Amino acid sequence: MDERMVRAAELCERAIFNGEFEELTAAERELDGVRADLALARGKVLHARFLDNRVEDAQELTLFEQAAEFCKALGDRRGEAEAQFWIGCFHQVVRDDIAASIQPLTTSRDLARAAGDDMTLSYALRHLGIAAHISGDLDGARALLEESTALRRTLGFTAGVAANLVGLIYVAIAQDRPGDACALADEAQELAASAGAAKVSEQIEAARSGI
């Protein structure tokens with residue numbers, strides 16, 4: 001059982017048997033943390049289902065927004081950064097609404113930097129880079145994707161590096177740098193294969209076909 005739920009149960013027992021009712025606020029905070037994590041996890045499941053069937057489930061956004069609210073109330077900047085990323089990702093990927101994705105992605109980036117959460121930061125930078133590319137800012141897209149990639153290399157997130165290189169391939173193609181695009185594709189395919197990231201390998205080959 002989650003330690004926070006155990007702690008909440010202990011505090012509840014102390015209130016019931018010892019009259020320590022002032023502890024109930026702490027118990028509620030513990031459970032709010034659990035609720036935030038559960039909402040975030042359920043939202044991710046729905047997002048993964050969308051990637052499979054391309055059918056939007058409105059509950060996805062609701063769950064991510066609930067997680068963000070709980071984390072903000074708890075002062076959990078790391079959790080709020082992750083939840084804000086997924087809100088932005090929902091708007092960008094599910095609804096194809098780049099404008100609506102910018103604010104939550106930017107908030108996620110800033111919160112993740114402050115919290116020292118490099119993994120969430122890498123995700124926020126990646127999707128801000130995608131937004132920049134779609135908006136026509138190729139230099140900005142390249143800088144954001146390269147920053148995200150550097151973080152992912154440091155973290156040992158091989159599949160994530162390969163996924164980012166796909167974005168950089170498309171930027172290189174758009175900037176008429178075919179040599180760079182080919183080199184990126186070769187490295188990306190090697191990394192994807194080593195990580196067993198079959199879906200990313202498909203994306204790499206699709207990108208390579210445009211070089």
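Predicted, not measured: the structure shown is a model, and the values here were computed from it.
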* Any donor-acceptor pair under 3.5 Å from Arg126 side chain to Ala163 backbone -> yes

* Flag if over 12 foreign heavy atoms under 6.0 Å of CZ, Arg42 -> no

* To do: Output yes when a side-chain donor or acceptor of Ser148 lies under 3.5 Å from a complementary backbone atom of Leu144, and no otherwise.
  => no

* **Electrostatic pair Lys199-Glu202, nearest N-O below 4.0 angstrom** => yes

* Gly116 versus Arg78, closest heavy-atom pair with distance -> O-NH2, 3.7 Å

* Heavy-atom closest contact (Ala185 atom, Ile211 atom, distance) -> CB-CD1, 4.5 Å

* Structure fact -> Between Ser194 and Leu191 the two heavy atoms that sit nearest each other are OG-O, 2.7 Å

* So, do Gln92 and Asp97 sit near enough that their side-chain heavy atoms are less than 4.5 Å apart? -> no

* Path from Leu40 to Leu105 over hydrophobic side-chain contacts below 4.5 Å -> yes

* Checking Arg4 side chain against Gly33 main chain: does a donor-acceptor pair fall under 3.5 Å? -> yes

* Given the rule in the side chain to side chain contact (heavy atoms under 4.5 Å, CB included) test, do His91 and Leu61 qualify, once you have shown the distances and angles that lead to the verdict? -> CA-CA 8 Å; His91 286 296; Leu61 180 58; 4.2 Å; yes

* To do: Might you point out which heavy atoms bring Phe70 and Ala36 nearest each other, and give the distance in Å?
  => CB-CB, 3.7 Å

* **Min side-chain heavy-atom separation Leu74-Glu80 under 4.5 Å** => no

* Structure fact -> Note: Leu138 and Ala174 closest approach over all heavy atoms is CD1-CB, 3.7 Å

* Are the side chain of Asn18 and the backbone of Glu20 linked by a donor-acceptor contact shorter than 3.5 Å? -> no

* Asked: Are Asp118 and Thr154 close enough that some pair of their side-chain heavy atoms sits under 4.5 Å apart?
  -> no

* Count the heavy atoms of every other residue, nucleotide or ligand shown that sit under 6.0 Å from NZ of Lys44, and state whether that count exceeds 12. => yes

* Search all heavy atoms of Ile87 against all heavy atoms of Phe64 and return the closest pair with its distance. => CG1-CB, 3.7 Å

* To do: Start with the C-alpha gap between Arg109 and Leu128, add the side-chain angles, then the distance that decides, and say whether side chain to side chain contact (heavy atoms under 4.5 Å, CB included) holds.
  => CA-CA 9 Å; Arg109 179 199 63 191; Leu128 285 169; 4.0 Å; yes

* **Hydrophobic cluster identity match, Val200 and Val93, side-chain contacts under 4.5 Å** => no

* According to the interplanar angle, ranging from 0 to 90°, do the rings of Trp86 and His47 count as parallel (below 30°), tilted (30 to 60°) or perpendicular (above 60°)? -> perpendicular

* To do: Measure the shortest side-chain to side-chain distance between Asn164 and Val161 over non-hydrogen atoms and say whether it is less than 4.5 angstrom.
  => no

* Side-chain contact, heavy-atom cut-off 4.5 Å: Leu155 with Met119? -> yes

* Asked: Do Glu205 and Arg208 sit within salt-bridge range, that is, some charged N less than 4.0 Å from a carboxylate O?
  -> yes

* Between Ser108 (side chain) and Glu82 (backbone), is there a donor-acceptor pair under 3.5 Å? -> no

* To do: Flag yes if Ile130 and Leu184 sit in one hydrophobic cluster, no otherwise; membership is Ile, Leu, Val, Met, Phe, Trp, Tyr, and two members link when side-chain heavy atoms are under 4.5 Å apart.
  => no

* With a 4.5 Å heavy-atom cut-off, do Asp139 and Arg142 have their side chains touching? -> no

* Asked: Would a hydrophobic clustering, with Ile, Leu, Val, Met, Phe, Trp and Tyr connected at side-chain separations under 4.5 Å, put Leu165 with Val171?
  -> yes

* Arg177, CZ atom: more than 12 neighbouring heavy atoms under 6.0 Å -> yes

* Asked: Do the ring planes of His127 and Phe85 sit parallel (below 30°), tilted (30 to 60°) or perpendicular (above 60°)?
  -> perpendicular

* Asked: Is Phe90 reachable from Leu125 through a run of I, L, V, M, F, W or Y residues, each pair having side-chain heavy atoms under 4.5 Å apart?
  -> yes

* To do: Taking the side chain as every heavy atom from C-beta outward, state whether Val6 and Glu30 have any atom pair closer than 4.5 Å.
  => no

